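This report refers to the structure that appears directly beneath it.
Quick caveat, the model's predicted, so the values are computed rather than measured. Residue numbers start from 1 in every chain, and the chains themselves are labelled A, B, ... in the order their sequence lines are given, proteins ahead of strands.
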Amino acid sequence: MSNIRAIRGMNDILPVDTPYWQYLERTVERVLGSYGYGEIRLPVVEQTELFKRSIGEVTDIVEKEMYSFDDRNGESLTLRPEGTAGCVRAAIQQGLLGVPQRLWYAGPMFRYERPQKGRQRQFHQIGVEAFGVATPDMDAELILVSARLWRQLGVEDSVELQLNSIGSPAARQAYRSALVAYLEQHREALDEDSQRRLDTNPLRILDSKNPDTQALLNGAPELVAYLDDESREDFDRLCALLDAAGISYVINPRLVRGLDYYNKTVFEWVTQRLGAQGTVCAGGRYDGLVAQLGGKATPGVGFAMGMERLVLLLQEIGAAGAVAATVDVYVISAGDDAQRAALAATEQLRLQMPELNIIQHTGGGSIKSQLKKADKSGARVALIWGEDEVAAGTVTIKPLREQGGVRQAQQSLPVQQIQAALRAALVSETE
RNA sequence: GUGGCCGUAGCUCAUCAGGUAGAGCACCGGAUUGUGACUCCGGAGGUGGCGGGUUCGAGACCCGUCGGCCACCCCA
């Protein structure tokens, strides 16, 4: 088959699924607005350099997962693999950092990975970032925002909050050396992946899924012991704030992040219901990032949610808020005169009753076949214009569904009375 | 990048010691003159992912390739 197909890992989102997406988007917009966060819309393409400098040159994302290409003028551009870098870039460039700034954005991200459940090459994230506040009350606020979202979405029972502090860069550096020193002694006992990570990104060994490696880590130095005083204090204050707000969490001393810019607080919301890709939201503090990208030193905290994963979760639990639009009225006509009359009357109806979803039959066919379409559309009422109706200046209104176990008979009415008749037919059915 | 399973009508799947494909659902039409759902009857629809190979003959066997799912890895 030589048909053109979608790029691997870049999926179409079909009408059966979009209600879940819309539900998610609506909810996010409302909740973030209620906390005073403003939406920012950012380009999908940025200079490659932006991601190298923020995410880190030696991370997997930058080394082998970015969609990079040369622009026609020879400049290296990259489809954004995450949102924070672009948001920080925009905040610096647009002078948004003079005051505390609360921002959010949503959109597609691109990473060249092997697709699997909850992981695709074009995926969508909602990102939330807060700039200009160094104290842990801001960390707490972001966690509260996310917790509120889970509650509004009805997934709060399916997710667990994991928390950790990875301290200052210096503290992390010291810990990293200690960890490497320890693991070097046991190099042979490490799985192959972890041996590789020992040289490239040793902290990632902490969240290895290999049981032997995890066992080995029980004897390893702990990150907590290397934390600087400020990080430790901030972490304690954060926990106290979360306790006060009634947010439950699990401190996971082996929680680390894959992007280089994080410091101090890191957190993840994890679900058991989605298989291997169970992290539905993750983030942390990144106090050094703004300066690193050339802005005036400004602290920041943020998190990102994976929309595909949240949609999967919503579908998994059968979220009631995600309802597809239904058809109220299906308009049928027979003959050219009737079709013209029906078209005009339907347009009028849309003007008068904009809340209704009305499908006008197209493509011709017998009354019988049109009624079949009307039935399959799920419409509650059919409006029929035939030769008789046109001649008499009437329309036939035919209820298609039972109400209270009874199906009302169809009736023919003067065209002027459609609105009232529809109102009666549709309203009584919803009660 | 690695591994396992998989790829037959729009969808879900079946058949067969290898002899050029079936079902259900969906779709279209009909069961008297302009009326859906249920029922009955009939119909259309597949170069069996693609490309090679083995064979007198392959959807069935082999190789490659593309794609899907899941896991590793990575991460949201």
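- Between A:Lys64 and A:Asp60, at least one side-chain nitrogen of the basic residue sits less than 4.0 Å from a carboxylate oxygen of the acidic one, meeting the salt-bridge criterion.
- OP1 and OP2 of B:C28 both lie 4.0 Å or more from every side-chain N or O belonging to A:Lys372.
- A donor-acceptor contact under 3.5 angstrom links the side-chain atoms of A:Arg309 to the base of B:C75.
- Remark: B:C50 base-pairs with B:G64; criterion is Watson-Crick or G-U wobble with both hydrogen-bond distances under 3.5 Å.
- Rounded to a whole Å, the CG atom of A:Leu274 is 14 Å from the C1' atom of B:C70.
- Look at CH2 on A:Trp269: it is 15 Å from C1' on B:A76, rounded to the nearest Å.
- Between A:Asp375 and A:Arg401, at least one side-chain nitrogen of the basic residue sits less than 4.0 Å from a carboxylate oxygen of the acidic one, meeting the salt-bridge criterion.
- Aromatic ring orientation, A:His361 versus A:Tyr330: tilted (interplanar angle from 30° to 60°).
- Between B:U47 and B:G51, the distance separating the two P atoms is 12 Å to the nearest Å.
- Nucleic acid contact for A:Ala334: none, since no nucleic acid atom lies under 4.0 Å from a heavy atom of the residue.
- Counting any heavy atom pair closer than 4.0 Å across all strands shown, A:Glu192 reaches no nucleic acid atom.
- Across all their heavy atoms, A:Ala130 and A:Met138 have their closest contact at CB-SD, 3.6 Å.
- Checked by distance alone, A:Lys398 brings a side-chain donor or acceptor within 3.5 Å of a matching partner on the base of B:U35.
- The nearest whole Å value for the distance from the CZ atom in A:Arg8 to the C1' atom in B:G1 is 11 Å.
- With rounding to whole Å, A:Arg121 atom CZ is found 8 Å from B:G67 atom P.
- Atom C1' of nucleotide B:C75 and atom NZ of A:Lys209 are separated by 9 Å, given to the nearest angstrom.
- Note on A:Gln410: a base of the nucleic acid sits closer than 4.0 angstrom, heavy atoms only.
- Base-pair partner of B:G57: not found among the strands shown (Watson-Crick or G-U wobble, both distances under 3.5 Å).
- When the nearest nucleotides of RNA chain B are assigned to A:Glu389 and A:Lys117 by heavy-atom distance, the more 5′-ward of the two goes with A:Glu389.
- A:Arg114 comes within 4.0 angstrom of a base, heavy atoms only.
- Geometrically, A:Arg121 engages A:Tyr112 in a cation-pi contact defined by less than 6.0 Å to the ring centre and at most 45° from the axis.
- The shortest distance between the side-chain N/O atoms of A:Gln116 and the OP1/OP2 oxygens of B:C70 is not below 4.0 Å.
- The residue A:Ala282 sits close only to the backbone: its heavy atoms come under 4.0 Å of sugar-phosphate atoms, none of a base.
- Using P as the reference atom, B:U20 and B:G3 are 38 Å apart when rounded to the nearest Å.
- Contacts of A:Gly275 with the nucleic acid, taken as non-hydrogen atoms under 4.0 Å apart, involve only primed sugar atoms and P, OP1 or OP2.
- Annotation: B:G19 and B:U35 have their P atoms spaced 50 Å apart (nearest Å).
- Comparing B:A9 with B:G59, their P atoms are spaced 14 Å from each other, to the whole Å.
- Side-chain atoms of A:Gln370 stay outside donor-acceptor range of the base of B:G34, with no qualifying N/O pair under 3.5 Å.
- B:G45 is unpaired under the criterion used here, namely a Watson-Crick or G-U wobble arrangement in which both key atom distances are under 3.5 Å.
- Between the NE2 atom of A:His124 and the C1' atom of B:A76 there is a distance of 13 Å, given to the nearest Å.
- Remark: B:A23 base-pairs with B:U12; criterion is Watson-Crick or G-U wobble with both hydrogen-bond distances under 3.5 Å.
- Between A:Arg197 and B:C74 there is a side-chain N or O to OP1 or OP2 distance below 4.0 Å.
- B:U39 and B:A17 are spaced 35 Å apart, taking the P atom of each and rounding to whole Å.
- Comment: A:Glu82 does not engage A:Arg80 in a salt bridge, judged by the lack of any side-chain N to carboxylate O separation of less than 4.0 angstrom.
- Across B:G10 and B:G45, the matching P atoms stand 12 Å from one another, rounded to whole Å.
- Closest to the side chain of A:Leu371, out of B:A76, B:C74, B:G36, is B:G36.
- At the phosphate of B:U2, neither OP1 nor OP2 sits under 4.0 Å from any side-chain N or O atom of A:Lys64.
- The nucleotide whose nearest atom lies closest to any side-chain atom of A:Asp193 is, among B:A37, B:C72, B:G34, B:C72.
- With hydrogens and angles ignored, a donor-acceptor pair under 3.5 angstrom links the side chain of A:Arg119 to the base of B:C73.
- Taking a cutoff of 4.0 Å between a charged side-chain nitrogen and a carboxylate oxygen, A:Arg187 and A:Glu184 qualify as a salt bridge.
- Nucleic acid contact for A:Leu259: sugar-phosphate only, since backbone atoms but no base atoms lie under 4.0 Å from a heavy atom of the residue.
- Spacing of P atoms, B:A71 relative to B:G18, comes out at 35 Å, to the nearest Å.
- Under 3.5 Å, the side chains of A:Glu141 and A:Tyr37 contain a donor-acceptor pair of N or O atoms.
- Nearer to the 5' terminus of RNA chain B, by closest-nucleotide assignment, is the contact made by A:Lys376 (compared with the other of A:Lys376 and A:Gly9).
- The separation between A:Gln120 atom CD and B:C70 atom C1' is 14 Å, rounded to whole Å.
- Here the CH2-CD1 distance, from A:Trp385 to A:Ile332, works out to 11.0 Å after rounding to the nearest 0.5 Å.
- Residue A:Arg111 is in base contact, counting any heavy-atom pair closer than 4.0 Å across all strands shown.
- For the C1' atoms, the distance linking B:C28 with B:G36 amounts to 16 Å, nearest Å.
- Counting any heavy atom pair closer than 4.0 Å across all strands shown, A:Glu65 reaches sugar-phosphate atoms only and no base atom.
- Using the Watson-Crick or G-U wobble rule with both distances under 3.5 Å, B:A37 pairs with nothing in any strand shown.
- A straight line from CG of A:Asp207 to P of B:C72 spans 12 Å, rounded to a whole angstrom.
- With both pairing distances under 3.5 Å, B:G1 is matched to B:C72 as a Watson-Crick or G-U wobble pair.
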